[in-house]
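Below is one structure; the comments refer to it alone.
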Amino acid sequence: MSAPDLSALVSARLCHDLISPMGAIRNGMELLQMAPGEAQSPEHALIADSLETALAKLRYFRLAFGPADPQARQAFGEAVQVTDAMFTGRFTVSWETRGIDMARPRARVIYLVILCIEKSLPMGGNLHVGVTTETVHFSVEGRRTAPPEALWRHVTEGAPVADLRPDAVQFALLREALSATGRRIAVQFTETGATLNLTEVSPAPA
């Protein structure tokens, strides 16, 4: 088994093992709030919101950083739920999917692209993801962009990155995922928007 496979399995294990106790904490909070005479205090609300945020991140990271079984598929309804829970502030994601589902390797690539775009939009924005059986189109308008050029060159051209930081690991993972699934991505940023097109260059899971 290769090192990237081991890294993906470690990511999946960490996310899986953390989700269970955090879910138990959420259940405990709900029981406390249901107790007679117990009103939801600002402290309870803060803890509950923080738990939901953490659980959403763990679920998203498990799908983006963990292994992707080529035989497994993901419904678009689930993809919408995952991104709606993950991105609730200044950066949001909307989908146009025509009701089809995706192979997990393709879904993983999309999740990684979304993380890379998020890092390129310091003021946030709404990312539109349009999915067909052949291509995936990403677009965002009306927001200031600041794409990390060296990292995007690594994604599109394989240019080496001298000092990869933990908060940019999604770019390296995206480059590997594109190569592994036979896909490429065309990227164009302007001062106030971006368009990206994901296409297949060799037979790969749809």
Side-chain angles (χ1 to χ4, degrees), residues 1-24 26 51-87 91 93 95 97 100-120 127 129 131-136 138 151-152 154-161 164-185 187 196-206:
M1 181 175 292
S2 65
D5 291 332
L6 286 175
S7 297
L9 291 174
V10 169
S11 297
R13 173 65 184 270
L14 287 173
C15 291
H16 178 272
D17 286 4
L18 287 172
I19 283 174
S20 180
M22 293 181 71
R26 179 178 60 183
L51 276 172
E52 292 302 321
T53 298
L55 287 168
K57 287 181 179 293
L58 286 171
R59 186 182 184 192
Y60 190 100
F61 291 155
R62 182 171 62 178
L63 293 169
F65 299 156
D69 181 358
Q71 304 303 317
R73 303 193 70 83
Q74 183 174 39
F76 276 113
E78 181 183 357
V80 171
Q81 291 176 358
V82 168
T83 54
D84 282 353
M86 174 70 173
F87 305 109
F91 180 81
V93 179
W95 295 78
T97 63
I100 56 177
D101 61 2
M102 304 180 282
R104 274 284 292 115
R106 190 187 200 198
R108 181 173 184 263
V109 170
I110 293 173
Y111 290 136
L112 289 170
V113 173
I114 291 173
L115 289 176
C116 294
I117 295 174
E118 181 197 23
K119 189 169 179 61
S120 304
L127 172 64
V129 184
V131 182
T132 70
T133 54
E134 295 84 16
T135 63
V136 184
F138 305 83
L151 293 173
W152 279 113
H154 176 69
V155 170
T156 58
E157 304 171 13
V161 178
L164 183 66
R165 298 172 58 88
D167 63 350
V169 69
Q170 61 267 34
F171 290 89
L173 290 172
L174 176 57
R175 174 68 187 181
E176 290 185 355
L178 291 172
S179 298
T181 60
R183 292 182 168 88
R184 65 182 175 188
I185 190 166
V187 178
L196 300 88
N197 286 289
L198 179 66
T199 57
E200 292 186 8
V201 293
S202 64

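Note that the coordinates shown come from a computational prediction; the quantities given were computed from them, not determined experimentally. Count residues from 1 along the sequence.
When all heavy atoms of V155 and R175 are compared, the pair lying nearest together is O-NH1, 3.0 Å. D84 and V93 make their closest contact through OD1-O, 3.9 Å (heavy atoms, listed as atom of the first residue, atom of the second, distance). The minimum heavy-atom distance linking A85 with A56 is given by the pair O-CB, 3.4 Å. Considering every non-hydrogen atom in both T83 and I114, the closest pair reads CG2-CD1, 4.2 Å. The two residues A107 and Q74 make their nearest non-hydrogen contact at CB-OE1, 3.5 Å.
Taking the side chain as every heavy atom from C-beta outward, R104 and R73 never approach each other to under 4.5 Å. Residues R184 and T199 meet the side-chain proximity criterion, which asks for heavy atoms closer than 4.5 Å. T97 has its side chain out of reach of V129: every pair of non-hydrogen atoms, C-beta onward, lies at least 4.5 Å apart. With a 4.5 Å cut-off on side-chain heavy atoms, T156 and L178 do not count as touching. Two residues are said to be in side-chain contact when any heavy atoms from C-beta on lie closer than 4.5 Å; L174 and V109 meet this criterion. Using a 4.5 Å heavy-atom cutoff, the side chains of V82 and L63 are in contact. Here the side chains of F171 and L115 are not in contact, with every heavy-atom distance at 4.5 Å or above. Side-chain contact check for T135 versus N197: every heavy-atom pair is 4.5 Å or farther apart.
Under the 3.5 Å distance criterion, the side-chain polar atoms of Y60 are left unmatched by any main-chain donor or acceptor of F87. Between the side chain of R108 and the backbone N or O of A64, at least one donor-acceptor pair lies under 3.5 Å. In this structure, the side chain of H154 does not engage the main chain of P160 through any donor-acceptor pair within 3.5 Å.
Atom CD1 of I110 and atom CZ of R183 lie 8.0 Å apart (nearest 0.5 Å). We find the CD1-CG distance between I117 and L127 to be 4.5 Å, quoted to the nearest 0.5 Å. Taken to the nearest 0.5 Å, the CG atom of L198 stands 7.5 Å off from the OG1 atom of T181. Between the CH2 atom in W152 and the CG atom in L196 there is a gap of 5.0 Å [rounded to 0.5 Å].
Ion pairing between a basic and an acidic side chain is recognised when a charged N comes within 4.0 Å of a carboxylate O; E200 and R106 show no such pairing.
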- Query: Would L58 and R62 satisfy side chain to side chain contact (heavy atoms under 4.5 Å, CB included), going step by step from the backbone distance to the final call?
  - Reply: CA-CA 6 Å; L58 286 171; R62 182 171 62 178; over 6 Å; no

- Item | Worked check of side chain to side chain contact (heavy atoms under 4.5 Å, CB included) between Q170 and Y111 | CA-CA 9 Å; Q170 61 267 34; Y111 290 136; over 6 Å; no

